[in-house]
There are 2 protein chains.
Amino acid sequence: MQILNDSAPYSMAAVAPGKVNSSVVFRLGVLGTMAADLFAARIEPHELKPRHVGLMVLLDAGKASSQLEVAGVMGVAPSLVVALADHLEKLGAIQRVRDPDDRRRQVLTLTAHGRDVLAACGELAHTVDAEFAAGLTAAERTALAGLLDRLTAPHGLPAAAETI
Amino acid sequence: MQILNDSAPYSMAAVAPGKVNSSVVFRLGVLGTMAADLFAARIEPHELKPRHVGLMVLLDAGKASSQLEVAGVMGVAPSLVVALADHLEKLGAIQRVRDPDDRRRQVLTLTAHGRDVLAACGELAHTVDAEFAAGLTAAERTALAGLLDRLTAPHGLPAAAETI
DNA sequence: GCAGAATCATGCAGATCTTGAATGATTCTG
DNA sequence: CAGAATCATTCAAGATCTGCATGATTCTGC
C-alpha cells in the first residue's frame, strides 16, 4: 500500500502541475500513431489499411451490420464507409446484401475469406505486439490490455474480452 | 497468484489464437486516434494542433533544437517541421534563430509565451484525462501512465517522468 | 585555399485520407 | 397517397503529409 510522496514516479496530480507530457491522452495519441503505423506496414501486403481491419473487427464482433451503423461506431462519415466497404468487397472479404426488410440498408457480412484475412491480421498484430511491447513482461502486457479495454468500453467498441 | 485458465480475462496467448482485437497495437491505434481527436478539439481555440504541441514538448524537454532534429524525433518529414514552426512562430510561441556555429541550422526555442501556451495545453490535457480516463481509479491511471512510458521509452520521446 | 560533395531549411506539386453537400432510392407518417 | 425522413452513393473540396528540387552553408580531399 503506497502513499503518495515526492518520490512516487507518476503521482502527476501531486508533483506535476499538469505537463502535457504526463497526461494519458497525449501519450496515448503519440503511441497510437506509432502503433497504427507499425500495424499498417504489416497489413499493407494484404492491401489493407487499419480502417479496413477496424471495419472487419466490428462485423466479426457483431457490433454493426449496416453501413450507417459501422460509420456510427467507427466515428467516421458514412461516405467513408462506402469506400472502405467497396475495397473489402473487391478483395472478397465481405459481402454486401440489401436488407430484405429495409432495402435502403446494405448489410455487411464477413465472408469465409474475410474471416481468414482477419485471422491473418490477428497474427500480424500479435507479431507487432511482440516487438512494440518487447520491454513489457507478459503480466504487464496483460495489465495494459485490461486498462486499454477499460478505456475503450464506454466508447462502444468491442472489448478484447468479448471477442476472444 | 493466478494460474492461467479458461476464465482468465486477458490471457491472450493461451486462450485466443490471436484476434486482432486483443492486440496492444490495434487497441492502442484505436484509442490513440480517439485521444488525439479529443485533445485536438480542446486546443483548437489556441489555434494549435497536436503536432504543434508535440513540437513544443520536444523543445521544452530539450530533446531537439534544430528543425532536422525535431523531424527525426517526431518521425515526420523536415518540410512538415517547417510548416509547424512557421505557425508556432507566427503565434509567438517559438523563436527561430540561425545557429551561429552552423548557419544552415535553424535553432528553435520556446518563448516565454510559448511556455505559457504549453502550460495551458497541459491543463487542458489533464482535463481531457479526467473525462477520458474517468472509468479508471487514480491508481490505475498511474499504472497506465507508467506502462505507456515504458512503451515510449525505446522510441526516443521524452518520458513523462523526465518532464515532471 | 578551392572545387565538389554533403547538409540543412524551404517551397511546391502531388498523394492520401476524410468530410460535407447533392442525388436517388426506399421507407415512414399523417 | 403526398411529403418528410432515412440510407447509400457520388463528387468536390479541405486537411495532412511526403518527396523532390532549390538555394544557402559547411565539410572534404587535394
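Below, chain A is the first sequence line, B the second, and so on; all start at residue 1. In this text, all values refer to a predicted model and were calculated from it rather than measured experimentally.
When the C1' atom of D:dT16 is taken as reference, atom CG of B:Leu48 falls 16 Å away, rounded to whole Å. For the pair A:Leu80 CG and D:dA13 C1', the interatomic distance rounds to 15 Å; values are reported in whole Å. Rounded to whole Å, the distance from CG on A:Asp86 to C1' on C:dC17 is 15 Å. What separates CG of A:Asp101 from P of C:dT27 is a distance of 10 Å, to the nearest Å. Going from atom CG of A:Asp99 over to atom C1' of D:dT6 covers 13 Å, rounded to whole Å. Rounded to an integer number of Å, the gap from NZ of B:Lys49 to P of C:dC17 is 18 Å. Rounded to an integer number of Å, the gap from CG of B:Leu55 to P of D:dC17 is 12 Å. What separates CG of A:Leu108 from C1' of D:dC7 is a distance of 12 Å, to the nearest Å.
The nucleotide whose nearest atom lies closest to any side-chain atom of A:Leu68 is, among D:dA8, C:dT19, C:dA9, D:dA8. In this structure, the nucleotide among C:dT27, C:dC12, D:dA8 sitting nearest to the side chain of B:Ser79 is C:dC12. You'll find that the side chain of B:Ser66 is closest to C:dA9, out of C:dA9, C:dT19, C:dG11. You'll find that the side chain of A:Arg103 is closest to C:dT27, out of C:dA9, C:dT27, C:dT19.
Of the two residues contacting DNA chain C, namely B:Pro78 and A:Ala83, the nearest-nucleotide position lying further toward the 5' end is that of B:Pro78. If you find the closest nucleotide of DNA chain C to A:Arg51 and to B:Gln67, the one lying nearer the 5' end belongs to B:Gln67.
For the pair B:Arg105 and C:dC8, the criterion of a side-chain N or O lying under 4.0 Å from OP1 or OP2 is not met. Side-chain N/O atoms of A:Arg96 include one lying less than 4.0 angstrom from OP1 or OP2 on D:dT9. Within the structure, every side-chain polar atom (N or O) of B:Gln106 is placed at least 4.0 Å from both OP1 and OP2 of C:dC8.
No side-chain donor from either of A:Gln67 and A:Arg105 sits under 3.5 Å from a side-chain acceptor of the other. Under 3.5 Å, the side chains of B:Glu131 and B:Thr127 contain no donor-acceptor pair of N or O atoms.
Between B:Phe26 and A:Phe39, the two ring planes are perpendicular [angle over 60°; tilted spans 30° to 60°].
B:Val76 comes within contact range of the sugar-phosphate backbone alone, with a heavy-atom separation under 4.0 Å but no base atom that close.
Under the Watson-Crick and G-U wobble criteria, each requiring two contacts below 3.5 Å, nucleotide C:dT16 is paired to D:dA15. The partner of D:dG3, taking Watson-Crick or G-U wobble pairs whose two distances both stay under 3.5 Å, is C:dC28.
Within 3.5 Å, a donor on the side chain of A:Arg104 pairs with an acceptor on the base of D:dT6, or the reverse.
A donor-acceptor contact shorter than 3.5 Å links the side chain of B:Glu140 to the backbone of B:Thr137. Looking at B:Ser66, its side chain never comes within 3.5 Å of a backbone N or O of B:Gln106 through a donor-acceptor pair.
Ionic pairing of A:Arg104 and A:Asp99 is not present here: no N-O contact between side-chain nitrogen and carboxylate oxygen is shorter than 4.0 angstrom.
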